[in-house]
Amino acid sequence: MRRRRRSLRPLLILLLPLLLVAGIWLGGHPETLPEPVRDTLVADTEGKVYEEALDTLARDYYRPVDRERLLNTSLEEAVRSLNDRFSHYFPPRDFESFQEATEGRFEGVGMTVEEVPRGLRVLTVYDGSPADRGGLRPGDIITHVNGRSIAGASSEESTTRIKGPAGSEVQLTVRSKGRTRELTLERAQVEIPVVKGELVEGMAHVRLTSFTSGAGDEVGGAVKRLLGRGADGVVLDLRDNGGGLLNEAVAVASVFIPDGKVVSTRGRSRPERVYEATGGAIDTDVPVAVLVNDRSASASEIVAGALQDRDRAELVGTRTFGKGVFQEIEPLQNGGALDITVGEYLLPSGRNLGGEGASRGSGLTPDVRAEDDPKTPRDEALAAAVREVE
């Protein structure tokens with residue numbers, strides 16, 4: 001005999017309202033759910049609250065507000081709350097400028113700077129650049145960009161405000177010798193002279209200003225060219241070089257170290273990674289000195305520290321900056337990006353140059369202390385480095 005199949009439809013009709021009510025109640029009381037289920041169902045609660053807050057401000061605030069500006073400001077403040085001087089948020093336009101700068105070409109005014117409490121101190125002004133034509137000189141302090149204070153902002157944040165399309169203008173407030181003046185500069189396409197090589201007293205003096213894309217190849221080419229012209233030793237000048245790309249630091253170190261470890265990195269969400277010399281180094285019998293100062297940081301310290309740890313070079317100059325952490329760029333859907341600290345790097349000996357967390361650390365101690373006297377035409381630090389490789 002066949003058993004008669006009972007219809008489930010009436011039962012489903014009764015259960016659906018009950019399931020709907022239960023779902024609504026649980027949505028408002030997620031703490032009653034088991035942890036795995038709660039994490040799955042309400043993982044985006046924070047995101048929804050944030051979107052709700054932005055929508056409310058855009059809709060109900062008594063004056064019109066720019067929703068995109070609210071988003072950018074909130075992300076900037078979120079990163080600033082980390083109290084990490086090396087981490088920051090790039091709004092979409094600033095991120096585009098940053099990418100251009102790391103390629104070695106950018107539209108700006110043609111200078112290098114360092115971060116100071118009041119804004120930016122000018123270090124170098126490139127000949128014929130808008131900064132040069134406008135009268136900016138090393139030692140000048142830039143306090144405002146387009147009327148907006150840059151005090152307390154990172155050098156990356158401040159410089160991206162200065163950069164922009166060629167032909168456009170930027171207003172700078174400059175403090176110099178107790179006087180404040182306003183400058184209007186027209187931005188232009190600027191070619192950054194990354195590497196400069198020359199013979200000094202029979203030695204190769206190779207100066208690297210930034211670890212931008214291709215820096216390793218340029219340093220290697222300059223070193224080998226000068227050795228081919230009869231140089232007996234090499235002075236690698238990393239003074240005022242604040243760093244740049246990690247892979248270029250490994251490439252520069254590989255010009256002098258034939259094999260083995262250059263640096264290793266590790267982070268909470270990043271497995272340890274060891275970077276080794278990539279080959280093609282010059283003869284290890286060629287003496288090498290590395291010139292550094294207190295503005296030699298990050299990638300500069302990786303190269304200088306690796307050569308010091310591997311007994312490949314003498315360090316000449318003053319104690320370096322002391323940056324023992326590294327950052328990664330993580331693009332966002334809005335066209336901006338987070339440039340945040342994700343780990344620390346360790347030199348071949350296992351030492352780290354940073355302080356606690358993202359603070360400034362002890363840096364590298366030079367083997368030979370030397371410092372240039374800006375009041376004299378002679379570069380005393382360079383002369384000391386040349387003596388080390390004679």
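Put simply, the side chain of Leu245 does not reach to within 4.5 Å of the side chain of Thr212, judged on heavy atoms. Contact check for Val262 versus Tyr345: no side-chain heavy atoms found under the 4.5 Å cut-off. No side-chain heavy atom of Val292 sits under 4.5 Å from any side-chain heavy atom of Val316. Using a 4.5 Å cut-off on side-chain heavy atoms (C-beta onward), Val303 and Phe256 make no contact. Counting only heavy atoms from C-beta outward, the side chains of Glu169 and Leu185 never approach each other to under 4.5 Å. Annotation: side chain of Thr143 is not in contact with side chain of Val174 (no heavy-atom distance under 4.5 Å). Taking 4.5 Å as the limit, every side-chain heavy atom of Leu208 sits out of range of all side-chain heavy atoms of Lys196. Two residues are said to be in side-chain contact when any heavy atoms from C-beta on lie closer than 4.5 Å; Ile329 and Leu338 fail this criterion.
With salt bridges taken as basic N to acidic carboxylate O contacts below 4.0 Å, none links Lys261 and Asp309. Taking a cutoff of 4.0 Å between a charged side-chain nitrogen and a carboxylate oxygen, Glu115 and Arg295 do not qualify as a salt bridge. Using a cutoff of 4.0 Å between basic side-chain nitrogens and carboxylate oxygens, Glu114 and Arg121 are scored as salt-bridged. Here Asp140 pairs with Arg181 in a salt bridge; the nearest charged N to carboxylate O distance falls below 4.0 Å. Ion pairing between Arg80 and Glu77 holds under the 4.0 Å rule for side-chain N and carboxylate O.
Within 6.0 Å of atom CZ in Arg59, more than 12 heavy atoms from other residues, nucleotides or ligands are found, so the atom counts as buried in its surroundings. Within 6.0 Å of CZ on Arg175 lie more than 12 heavy atoms contributed by other residues, nucleotides or ligands. The neighbour count for Glu52 CD, taken as heavy atoms of other residues, nucleotides or ligands under 6.0 Å away, does not exceed 12. Counting heavy atoms of neighbouring residues, nucleotides and ligands inside a 6.0 Å radius, atom CG of Asp60 exceeds 12 of them. The 12-atom threshold is exceeded at CZ of Arg270, counting heavy atoms of other residues, nucleotides or ligands nearer than 6.0 Å. By the 6.0 Å contact criterion, CZ on Arg273 is open, its count of non-hydrogen atoms from other residues, nucleotides or ligands being 12 or less.
Leu315 and Val386 sit in two unconnected hydrophobic clusters of ILVMFWY residues. Membership requires side-chain heavy atoms under 4.5 Å apart, directly or through other members.
Taking CG from Leu136 and CG from Leu172, the interatomic distance works out to 6.5 Å, rounded to the nearest 0.5 Å. In this structure, the separation between CG on Leu75 and CG on Asn334 is 7.0 Å, given to the nearest 0.5 Å. To the nearest 0.5 Å, atom CD1 of residue Ile302 and atom OG of residue Ser300 are 9.0 Å apart. Atoms CG and CD1, on Leu82 and Ile340 in that order, are 8.0 Å from each other to the nearest 0.5 Å. The CZ atom of Arg137 lies 12.5 Å from the OG1 atom of Thr124; values are rounded to the nearest 0.5 Å. Rounding to the nearest 0.5 angstrom, the gap separating the CD atom in Glu388 from the CG atom in Asp367 is 8.0 Å.
Looking at Ser168, its side chain never comes within 3.5 Å of a backbone N or O of Gly164 through a donor-acceptor pair. Judged by distance alone, with hydrogens and angles left aside, the side-chain atoms of Glu248 form a donor-acceptor pair with the main-chain N or O of Gly214 at under 3.5 Å. Counting only distance, with no hydrogens or angles, the side chain of Gln308 and the backbone of Thr365 share a donor-acceptor pair below 3.5 Å. Here the side chain of Ser254 pairs a donor or acceptor atom with the backbone of Thr278 at under 3.5 angstrom. Side-chain N or O atoms of Arg312 include none that pairs as donor or acceptor with a backbone N or O of Pro258 at under 3.5 Å. Between the side chain of Arg67 and the backbone N or O of Leu54, no donor-acceptor pair lies under 3.5 Å. Here the side chain of Asn352 pairs a donor or acceptor atom with the backbone of Gly324 at under 3.5 angstrom. In this structure a side-chain-to-backbone donor-acceptor pair under 3.5 Å is missing from Ser298 to Gly242.
When Val206, Val252, Val286, Val288 are each tested for a side chain to side chain contact (heavy atoms under 4.5 Å, CB included) with Val223, only one passes: Val206. Screening Val234, Asp232, Asp283 for a side chain to side chain contact (heavy atoms under 4.5 Å, CB included) involving Leu227 leaves a single residue, Val234.
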Problem set entry | Test side-chain contact (heavy atoms from CB on, under 4.5 Å) applied to Leu57 and Leu70, step by step | CA-CA 9 Å; Leu57 288 170; Leu70 286 176; 4.0 Å; yes
For this session: In sequence, state the C-alpha distance, the side-chain angles, and the governing distance for Arg148 and Arg161, and then conclude on side-chain contact (heavy atoms from CB on, under 4.5 Å).
Result: CA-CA 10 Å; Arg148 183 179 171 189; Arg161 294 181 197 171; 3.4 Å; yes
For this session: Determine, step by step, whether Asp84 and Thr341 satisfy the side-chain hydrogen bond (donor to acceptor under 3.5 Å, both in side chains) criterion, reporting the C-alpha distance in whole Å, the side-chain angles of both residues, the deciding distance to 0.1 Å, and the verdict.
Result: CA-CA 8 Å; Asp84 179 351; Thr341 300; 2.7 Å; yes
Exercise. Does the pair Leu120 and Ser155 meet the rule for a side-chain contact (heavy atoms from CB on, under 4.5 Å), with working shown?
Worked result: CA-CA 7 Å; Leu120 296 174; Ser155 60; 4.0 Å; yes
Exercise. Can you list the steps and then say if Glu380 with Thr376 is a side-chain hydrogen bond (donor to acceptor under 3.5 Å, both in side chains)?
Worked result: CA-CA 9 Å; Glu380 289 84 1; Thr376 68; 2.6 Å; yes
Exercise. Can you list the steps and then say if Thr112 with Asp240 is a side-chain contact (heavy atoms from CB on, under 4.5 Å)?
Worked result: CA-CA 9 Å; Thr112 63; Asp240 302 327; over 6 Å; no
Problem set entry | Candidate pair Ser296 and Asn241, rule side-chain hydrogen bond (donor to acceptor under 3.5 Å, both in side chains), full reasoning | CA-CA 5 Å; Ser296 303; Asn241 185 327; over 6 Å; no
For this session: Mind running salt bridge (Lys or Arg N to Asp or Glu O under 4.0 Å) on Asp379 and Arg239 for me, showing each step along the way?
Result: CA-CA 12 Å; Asp379 188 337; Arg239 289 176 295 179; 2.8 Å; yes
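In plain terms, the two heavy atoms of Ala166 and Gln189 that are nearest each other are CB-N, 4.0 Å. Between Val145 and Ile142, the shortest heavy-atom contact is CG2-CG2, 4.4 Å. Scanning both residues, Ala304 and Val290, for their nearest heavy atoms gives CB-CG1, 4.1 Å. Nearest approach of His144 to Ile150, heavy atoms of both residues: N-CG1, 4.3 Å. Shown here for Glu76 and Tyr89, the closest heavy-atom pair between the two residues is CG-CD2, 3.6 Å. Minimum heavy-atom separation, Val235 to Ala385: CG1-CB, 3.8 Å.
A cation-pi geometry, defined here as NZ or CZ lying under 6.0 Å from the six-membered ring centre and within 45° of its normal, holds between Lys323 and Phe86.
Shown here are the ring pair (Phe, Tyr, Trp, His ring centres under 6.0 Å) partners of Phe90, two or more places apart in sequence or in another chain: His88, Phe98.
If you check the side chains of Thr318 and Glu371, you find no donor sitting under 3.5 Å from an acceptor.
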